[in-house]
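Just below is one structure, and these are the notes that go with it.
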2 protein chains.
Amino acid sequence: MNKQDQLNMIKEDFINCQKVLLAIGDETRQAILLVLMGTDCQTGLRVGEITEQTHLSRPAVSHHLKILRDAGIILMRKEGTKNFYYINVRTELGLLRTLVLDIDNFLQNFYSNDGILEG
Amino acid sequence: MNKQDQLNMIKEDFINCQKVLLAIGDETRQAILLVLMGTDCQTGLRVGEITEQTHLSRPAVSHHLKILRDAGIILMRKEGTKNFYYINVRTELGLLRTLVLDIDNFLQNFYSNDGILEG
DNA sequence: TTGAATGGTTTAATTTAACGAACCATATCT
DNA sequence: AGATATGGTTCGTTAAATTAAACCATTCAA
């Protein structure tokens with residue numbers, strides 16, 4: 001694969017994980033993720049329970065949960081009026097791994113000291 | 001390593017790559033990175049040259065370059081009044097890889113169907 | 001030493017994101 | 001149906017990020 005192909009791939013990677021990057025770049029959402037990861041198994045947590053463990057209002061939590069959900073990082077299960085949120089085991093963070101790996105590859109191929117090939 | 005230890009590790013990871021996440025989460029900065037990666041070898045590009053390849057003003061480019069530099073993703077070399085910017089081969093994107101790997105590990109240990117251990 | 005080139009920074013305006021009060025929708029229970 | 005619990009959404013406000021004009025600092029050439 002030549003240089004331009006790799007660059008296009010990285011460009012695609014950026015597009016694919018755009019939502020994920022914005023979602024986990026926010027410290028509040030990182031805190032929410034850690035709260036969710038701290039719960040036993042996959043039963044998930046209700047919005048109210050998450051709110052209690054943060055300094056935020058319920059609407060704010062709801063807002064951040066939506067962003068995390070749109071990014072494919074968490075999932076929701078309805079149960080009556082209760083909504084349980086939990087980490088998506090098949091999380092879209094894999095897209096991030098792809099991005100990082102592709103960049104690593106690129107740098108190794110075209111920026112390493114022992115072999116500048118030029119595309 | 002138990003569950004809480006892993007959670008603390010992920011918490012650290014988030015702190016460590018906070019700047020990186022914010023830096024590459026912005027589409028404009030992604031475009032700048034792609035421009036830098038597209039240049040032949042490591043001579044780097046001047047601010048003026050980067051400006052020409054974007055829709056931005058020079059101050060805006062300068063602003064974004066500073067953010068990318070603070071995050072350890074790019075480096076600068078001065079040559080007279082000219083400043084050359086280039087990708088940091090030892091880029092701090094490695095911190096991102098660590099984060100993703102740690103989360104993957106965590107999910108595999110505590111959220112996989114075949115073995116919920118509880119910490 | 002003047003003039004031109006290069007690019008950081010400051011400032012002010014615009015855009016975008018985050019936030020909570022108030023509100024609305026839905027489900028459950030009596 | 002009425003009352004309660006739960007949580008999405010709307011709306012106006014506040015906070016933060018992005019942007020370009022204007023400005024300042026440094027280097028080099030004539």
Side-chain angles (χ1 to χ4, degrees), chain A residues 14-15 17-36 39 42-88, chain B residues 14-15 17-36 39 42-88:
Chain A
F14 271 130
I15 294 171
C17 67
Q18 182 62 41
K19 283 187 178 180
V20 171
L21 285 173
L22 290 179
I24 70 171
D26 182 88
E27 295 188 54
T28 301
R29 290 190 284 271
Q30 289 168 12
I32 291 176
L33 283 179
L34 287 169
V35 167
L36 290 181
T39 65
Q42 298 101 314
T43 39
L45 281 179
R46 288 189 305 100
V47 177
E49 295 173 315
I50 299 169
T51 301
E52 286 171 10
Q53 301 193 43
T54 66
H55 61 291
L56 296 168
S57 68
R58 188 171 48 68
V61 171
S62 193
H63 167 70
H64 288 303
L65 288 174
K66 183 185 171 68
I67 291 173
L68 288 169
R69 208 145 76 92
D70 286 347
I73 298 172
I74 65 176
L75 296 172
M76 193 200 66
R77 185 183 81 252
K78 292 181 93 73
E79 208 172 283
T81 63
K82 297 183 175 69
N83 292 1
F84 292 88
Y85 286 86
Y86 55 101
I87 298 283
N88 181 3
Chain B
F14 272 130
I15 294 171
C17 66
Q18 183 62 39
K19 282 187 178 181
V20 171
L21 284 174
L22 290 180
I24 70 171
D26 182 89
E27 295 188 52
T28 301
R29 289 190 283 271
Q30 289 169 12
I32 290 175
L33 284 179
L34 286 169
V35 167
L36 289 182
T39 63
Q42 297 101 314
T43 39
L45 280 179
R46 287 188 305 100
V47 177
E49 296 173 315
I50 299 170
T51 301
E52 286 171 10
Q53 301 194 42
T54 66
H55 61 292
L56 296 167
S57 67
R58 188 171 49 69
V61 171
S62 192
H63 168 69
H64 289 302
L65 289 173
K66 183 185 172 66
I67 290 173
L68 288 168
R69 208 146 76 92
D70 285 347
I73 298 172
I74 64 175
L75 297 172
M76 194 202 64
R77 187 182 79 254
K78 293 182 93 72
E79 207 172 284
T81 63
K82 297 183 176 67
N83 293 0
F84 291 88
Y85 287 87
Y86 55 101
I87 299 285
N88 180 3

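Below, chain A is the first sequence line, B the second, and so on; all start at residue 1.
Contacts with DNA chain D (heavy atom under 4.0 Å) in residues 64-73 of chain A: none are found. Within residues 17-30 of chain B, no residue approaches DNA chain C, by heavy-atom distance under 4.0 Å.
Note that OH of B:Y86 is 6.5 Å distant from CZ of B:R77, once rounded to the nearest 0.5 Å. In this structure, the separation between CG on A:L34 and CZ on B:F14 is 5.5 Å, given to the nearest 0.5 Å.
Note: OH (A:Y85) to P (D:dG7) measures 8 Å, nearest angstrom. When the C1' atom of C:dA12 is taken as reference, atom NE2 of B:H63 falls 15 Å away, rounded to whole Å. Atom P of nucleotide C:dT6 and atom CD of B:E49 are separated by 9 Å, given to the nearest angstrom. In this entry the distance linking CG of B:N83 with P of C:dG7 reads 6 Å, nearest Å. Summarising the geometry, the separation between NZ on A:K82 and P on D:dT6 is reported as 5 Å, rounded to the nearest angstrom. Remark: C1' of D:dG7 and CZ of A:R46 are 10 Å apart, rounded to the nearest angstrom. Put simply, CD1 on B:I32 is 14 Å from P on C:dG7, counting in whole angstrom units. Rounded to an integer number of Å, the gap from NZ of A:K78 to C1' of D:dG7 is 8 Å.
Contact of the A:I73 side chain with the A:R29 side chain is not registered, since no non-hydrogen atoms from C-beta on lie closer than 4.5 Å. Using a 4.5 Å cut-off on side-chain heavy atoms (C-beta onward), B:L33 and B:L68 make contact. Inter-residue side-chain proximity for A:T39 and A:I87 is flagged as unmet; no heavy-atom pair is nearer than 4.5 Å. Put simply, the side chain of A:M76 does not reach to within 4.5 Å of the side chain of A:L65, judged on heavy atoms.
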- DNA chain C base-pair string [pairs: Watson-Crick or G-U under 3.5 Å; |: paired with another strand]: |||||||.||||||||||||||.|||||||
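When every heavy atom of A:L75 is checked against every heavy atom of A:R69, the shortest pair comes out as C-CD, 4.5 Å. Closest of all the heavy-atom pairs between A:N88 and A:G72 is ND2-O, 3.1 Å. Here the closest non-hydrogen pair linking B:L22 and A:G25 is CD2-O, 3.4 Å.
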Identify every side-chain donor-acceptor pair in residues 44-52 of chain B under 3.5 Å, counting partners at least two apart or on other chains, and give the distances.
residue: B:E49; atom: OE1; partner: B:R46; partner atom: N; Å: 2.8
residue: B:T51; atom: OG1; partner: B:V47; partner atom: O; Å: 2.8

What N/O pairs connect the protein and nucleotides 20-23 of chain C at under 3.5 Å? Give each pair on its own line.
residue: C:dG20; atom: OP2; partner: A:S57; partner atom: N; Å: 2.8
residue: C:dG20; atom: OP2; partner: A:S57; partner atom: OG; Å: 2.8

- Item | Step-by-step side chain to side chain contact (heavy atoms under 4.5 Å, CB included) determination, A:H64 to A:L56 | CA-CA 10 Å; A:H64 288 303; A:L56 296 168; 4.0 Å; yes
- Going through the distances and angles, do B:I24 and A:L21 end up as a side chain to side chain contact (heavy atoms under 4.5 Å, CB included)? CA-CA 8 Å; B:I24 70 171; A:L21 285 173; 3.8 Å; yes
- Note on the structure: Letter by letter from the 5' end, nucleotides 25-30 of chain C scores (B base, S sugar-phosphate only, - none; protein heavy atoms under 4.0 Å) -BBS--
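Nucleic acid contact class of A:F84 (heavy atoms, under 4.0 Å, all strands): none.
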